[in-house]
Peer 1: 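The structure follows.
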Amino acid sequence: MKPTILIAALATLLAGAAQAHEFKAGEIRIDHPWARATPPRITTGAAYMTFENKGMIEDRLVSATSPASSEVQFHENKDEGGIMQMRQIQSLVIPVGTTIAMKPSTMHLMLVRLKEPLKIGTKVPLTLVFEKAGPVMVELAVDKPGATGPKTEDHSGH
Ligand SMILES: [Cu+2]
């Protein structure tokens, strides 16, 4: 696909989704960071968001930290002979003019060793570090345990 066509298609797609709950790190736009609420005694949580590179240089998400957990890892889902496995990845490349969606079916940030359960309706601070754009603090909106992603109406509260 020609890059110009791809960019035009993405611009159309995103025009309708632009809402208040988004953050910027340089030319990287981070849309609707959210996490699933966790039951008591479960010590890992999953978080999702969308990255869009609106700049002229490729960037890379290299690390993340949160006061809510000891560690934040990047995981991608891998279909291994019909069984979905999580695999840790070291960084996430965000090429120019692309949008990368972390969602339950593709990849997530894994909050490892949660200090307390993630509660519905709360906001969890998260610092993302990009190789070029540097660090940026975002807030994860905590949604239901079985939530699958943002609906446009869900943006009204934040
Ligand atoms: Cu995981």
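Note that the structure is predicted; figures quoted are calculated from it, not measured. In listed order, ligands and their atoms are each counted from 1.
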Peer 1: Is the side chain of His108 donor-acceptor paired with the backbone N or O of Ala35 at a distance under 3.5 Å, no angle test?
Peer 2: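 No: the side chain of His108 does not pair with the backbone of Ala35.
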
Peer 1: Mark yes when over 12 heavy atoms from residues, nucleotides or ligands other than Glu116 sit less than 6.0 Å from its CD; otherwise mark no.
Peer 2: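 Counting neighbours around CD of Glu116, 12 or fewer heavy atoms of other residues, nucleotides or ligands fall under 6.0 Å, so no.
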
Peer 1: Which atom, among the N/O/S set of His75, is closest to the Cu ion (ligand 1)?
Peer 2: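 It is ND1, the N, O or S atom of His75 closest to the Cu ion (ligand 1).
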
Peer 1: Taking Glu27 first and then Lys54, would you say they form a salt bridge - that is, a charged N and a carboxylate O separated by under 4.0 Å?
Peer 2: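 No salt bridge links Glu27 with Lys54.
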
Peer 1: Are any N, O or S atoms from Thr44 nearer to the Cu ion (ligand 1) than 2.8 Å?
Peer 2: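 So Thr44 does not count as coordinating the Cu ion (ligand 1).
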
Peer 1: Is it the case that atom CZ in Arg113 sees more than 12 heavy atoms from other parts of the structure closer than 6.0 Å?
Peer 2: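 Enclosed: over 12 neighbouring heavy atoms sit under 6.0 Å from CZ of Arg113.
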
Peer 1: At a threshold of 2.8 Å, where the distance has to be below it, does the Cu ion (ligand 1) have an N, O or S atom of Gln73 nearby?
Peer 2: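 Short answer: no, not a single N, O or S atom is under the cut-off.
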
Peer 1: Looking at His108, pick out the N, O or S atom nearest to the Cu ion (ligand 1) and give its name.
Peer 2: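 Closest to the Cu ion (ligand 1) among those atoms: NE2.
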
